[in-house]
Amino acid sequence: MIDRRLIREQPEKIRAALRHRGYEFDLDELVEVEKRRRELLAIVESGRAQRNALSEQIGRLMQEGSDAQSLKQKATALGEELTQHEEELGQVEEQFEALMLELPNIPLEEVPIGESEEDNVVVYTKGKIRRFDFTPVGHWELGERLGILNFQVAAKQAGARFATDVGAGATLERALINFMLDTHTRKHGYTEVLPPFLANERSCYGTANLPKFEEDLFKTTDGLYLVPTAEVPLTNMHQDEILTADELPKYYTAYTACFRSEAGAAGKETRGLIRVHQFHKVELMKFVKPEESDEELEKLVQNAESIIQALELPYRRMHLCTGDMGFQPRQTFDLEAYFPAMDRWLELSSCSQYGDFQARRCNTRYRPHPKAKPEFVHTMNGSGLAAGRTMAAIIENYQQEDGTVVIPDVLRPYMGGMAEITPPLP
RNA sequence: GGAGAGGUGGCCGAGCGGCUGAAGGCGGUCGCCUGCUAAGCGACUAUGGGGGUAUAAGCUUCCAUCGAGGGUUCGAAUCCCUCCCUCUCCGCCA
């Protein structure tokens, strides 16, 4: 949610943002509703002021023991008229809120303007792309051959677009999660959180997964949602709270399973572990002062990158353009690893800053000084990293001609010293 | 799941139909006092929204908010209903 004052003070700024995003939205309607809301509010408030004054008078008269009957009648009549206006205001307010919730964030000026994925900008590429003297095999195929990934079993257990890790595969993914959490807590100063994997409606509104993206979420029969990312519980850690300045910045990291219904998605990218209904991720999340926002985002991106670097995977950093960016962020950087079998770069991490967009929805504020008025904090988050995709990247990049997958050095202590995953004997 | 108790400002806590946006305390800010420290004294100290004025802040006025939503009433923190949450006890369970 953006500052409502922008609606009447800088509608052109919003209009430009919508255009750059290629986002359909009836801004004129919102401007109109906002105006109507203020008009009605003035009427209702003066009506209330009159009623309050009358009531006070009645109270005084009755205490004196005087007759207040005629004033009461007057108040009743006033009340009836007021109720009508209040109802109208209620409707307009509802309309206004609904529209505000559907309005996306305003991209920062430095975000490249573009229409699609094609217009994203490569900030830099790091690591060496390995040259294979054999044809690399896709992680889904190699994983099945090694007996560490089983999509048939997953289909029986749950359905299409699920994955079951078995044996060394399960150990590898767990090793990745542990390595990531240890790195972020011990080296980067994040506080580890293990939150509920279900979130209520309010929390999903807080991160703006609701109301616009309900079709992406799994909903339980009692109205809770399976978390699509740890961003949801983490961003709501301080819902309705006023933090003190010296508490900021706050760094949180959490492992959660992530559930996405992705109803519409289909195609090439759905192979193997790339796009599944449940995956595993370690998330990084920060609450910061507005003036520290950019600097903190940069550190967060580097924290995520450090994992890819430690795993020695080739990757690149992308600056997402206005057209490819999500609804909520002001700015997003993606970290994409190279997948040799697919000959594609795929996102392992997406790091976004939101400004006060989510903080407004979560009502998370802080006092810049002990006596100062509360202001909204800034939030940001990024994957640090998506474990399933990272495992897929390892399988593809570390495969040998004989079908063996070498375990990256940093993970070996997490796997009881295992150095490679070898195919079962025929 | 059952039974009981409760949800009030940054925190604790009083109030149980009108003069209560809310006593008192803690915390905080500013000032005074004290040759360090501690203590003491005084003032100020909720949030959001609309309007006026000034636009760097500010000042002023009105409205709303005592878990959320509805109801009764001229008037609700206070009475009634529904829901949510917390605590205690019982049951069930990894």
Side-chain angles (χ1 to χ4, degrees), chain A residues 1-10 30-101 194-206 220-225 233 236-248 250 257 287 290-291 356 359-377:
Chain A
M1 188 124 64
I2 65 167
D3 188 341
R4 60 175 63 186
R5 266 172 303 190
L6 289 175
I7 306 297
R8 63 171 188 268
E9 287 170 10
Q10 300 185 56
L30 179 58
V31 169
E32 197 47 49
V33 169
E34 196 278 338
K35 199 177 147 207
R36 183 79 188 123
R37 175 184 166 274
R38 261 181 305 138
E39 286 165 2
L40 278 170
L41 196 58
I43 295 170
V44 165
E45 288 195 348
S46 72
R48 283 181 188 159
Q50 281 178 54
R51 187 200 57 196
N52 289 349
L54 272 180
S55 292
E56 211 180 303
Q57 235 178 310
I58 293 169
R60 259 194 318 243
L61 285 178
M62 291 182 66
Q63 232 137 54
E64 291 169 10
S66 312
D67 175 49
Q69 213 42 49
S70 69
L71 274 185
K72 275 197 191 181
Q73 274 168 20
K74 211 170 146 190
T76 306
L78 186 68
E80 276 163 18
E81 198 186 326
L82 185 58
T83 305
Q84 281 183 14
H85 287 133
E86 279 177 334
E87 272 166 20
E88 200 183 340
L89 176 64
Q91 283 167 16
V92 171
E93 209 126 60
E94 225 170 86
Q95 214 181 341
F96 177 68
E97 289 299 322
L99 286 169
M100 284 301 283
L101 287 170
L194 184 56
F197 289 11
L198 295 175
N200 60 26
E201 205 173 56
R202 167 83 202 274
S203 293
C204 295
Y205 270 93
T220 70
T221 50
D222 36 28
L224 295 170
Y225 295 87
N236 284 283
M237 287 285 290
H238 301 290
Q239 193 188 85
D240 291 324
E241 286 184 31
I242 300 173
L243 305 169
T244 59
D246 57 358
E247 285 179 89
L248 297 176
K250 270 184 181 290
F287 295 93
E291 65 270 22
D356 60 10
R360 283 178 189 280
R361 292 172 168 241
C362 295
N363 193 26
T364 301
R365 294 172 295 173
Y366 83 109
R367 280 184 211 281
H369 310 286
K371 247 192 121 173
K373 293 193 89 172
E375 285 178 24
F376 290 108
V377 300

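Lettering of chains follows the sequences in order, A, B, ..., and the numbering in each one begins at 1.
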| Which is true for A:Leu41 with a 4.0 Å heavy-atom rule: it touches a base, it touches only sugar-phosphate, or it touches nothing? | sugar-phosphate
| Working for salt bridge (Lys or Arg N to Asp or Glu O under 4.0 Å), residues A:Arg38 and A:Glu34 | CA-CA 6 Å; A:Arg38 261 181 305 138; A:Glu34 196 278 338; 3.0 Å; yes
| message | How many whole angstroms separate atom CD of A:Gln57 from atom P of B:rC19? | response | 15 Å
| said: If you assign each of A:Glu56 and A:Ala49 to its closest nucleotide in RNA chain B, which residue comes earlier from the 5' end? | reply: A:Glu56
| field | Residue closer to the 5' end of RNA chain B, A:Gly59 versus A:Arg48 (nearest nucleotide) | value | A:Gly59
| message | Distance check needed: B:rA46 C1' versus A:Glu241 CD, whole Å only. | response | 16 Å
| field | Under-4.0 Å side-chain N/O to phosphate OP1/OP2 contact, A:Lys373 with B:rG48 | value | yes
All N/O contacts under 3.5 Å from nucleotides 75-81 of chain B to the protein, with atom names and distances to one decimal?
unit_1	atom_1	unit_2	atom_2	d
B:rG75	O4'	A:Ser55	OG	3.2

Could you run down the sub-3.5 Å N/O contacts of the protein with nucleotides 6-12 of chain B?
none

| query | Rounding to a whole Å, what distance do you find between A:Arg37:CZ and B:rA64:C1'? | reply | 11 Å
| task | Nearest whole angstrom, please: distance from the C1' of B:rU47 to the CD of A:Glu375. | result | 14 Å
| said: Before you tell me yes or no, could you show the steps for A:Glu97 and A:Arg37 under salt bridge (Lys or Arg N to Asp or Glu O under 4.0 Å), namely the whole-Å CA-CA distance, both residues' side-chain angles and the distance that decides it to 0.1 Å? | reply: CA-CA 11 Å; A:Glu97 289 299 322; A:Arg37 175 184 166 274; 5.9 Å; no
| message | Tell me the interatomic distance from A:Lys35, atom NZ, to B:rG50, atom P, rounded to whole angstroms. | response | 16 Å
| message | Could you tell me how far B:rA38 sits from B:rU20 if I compare only their C1' atoms? Round to whole Å. | response | 38 Å
| field | C1' atoms of B:rA43 and B:rG48, separation to the nearest Å | value | 27 Å
| query | Atom CZ of A:Arg365 to atom P of B:rU47: distance rounded to whole Å? | reply | 8 Å
| request: Sticking with atom P, work out how far B:rG75 lies from B:rC19, rounded to a whole angstrom. | output: 14 Å
| note | The correct set of residues in residues 74-101 of chain A placing a heavy atom under 4.0 Å from RNA chain B is A:Ala75, A:Thr76
| Taking atom C1' in both B:rG9 and B:rA23, what distance in whole Å separates the two? | 13 Å
Can you tabulate the close N/O pairs, meaning under 3.5 Å, that link protein atoms to atoms of nucleotides 51-54 of chain B?
unit_1	atom_1	unit_2	atom_2	d
B:rG51	OP1	A:Arg38	NH1	3.2

| request: Could you please name the option among B:rG48, B:rC74, B:rC63 that lies closest to any side-chain atom of A:Lys72? | output: B:rC74
| task | Between B:rU29 and B:rA46, how far apart are the C1' atoms? Round to whole Å, please. | result | 15 Å
| field | Donor + acceptor pair across side chains of A:Asn200, A:Ser203 (<3.5 Å) | value | yes
| remark: By side-chain contact (heavy atoms from CB on, under 4.5 Å), A:Ala372 pairs with (sequence neighbours left out) A:Pro368, A:His369
| Validation row: A:Ile7, A:Met100 side chains within 4.5 angstrom (heavy atoms) | yes
| field | Atom C1', compared across B:rC81 and B:rG2: separation rounded to whole Å | value | 22 Å
| said: Are there runs of at least three consecutive Watson-Crick or G-U pairs touching RNA chain B, with each pair's two distances under 3.5 angstrom? Give them by first number. | reply: B:1-7 with B:84-90, B:10-12 with B:24-26, B:27-32 with B:40-45, B:46-53 with B:58-65, B:67-71 with B:79-83
| message | Under 4.0 Å from OP1 or OP2 of B:rA68: is there any side-chain N or O of A:Arg202 that close? | response | no
| remark: Atom NE2 of A:His369 and atom P of B:rU29 are separated, to the nearest Å, by 13 Å
| message | Whether the side chain of A:Gln63 and the base of B:rC19 hold a donor-acceptor pair under 3.5 Å is what I'd like checked. | response | yes
| message | Just the rounded figure in Å: distance from P of B:rG48 to CZ of A:Arg360. | response | 11 Å
| request: Verify, without hydrogens or angle tests, whether A:Arg48 (side chain) and A:Leu82 (backbone) share a donor-acceptor contact under 3.5 angstrom. | output: no
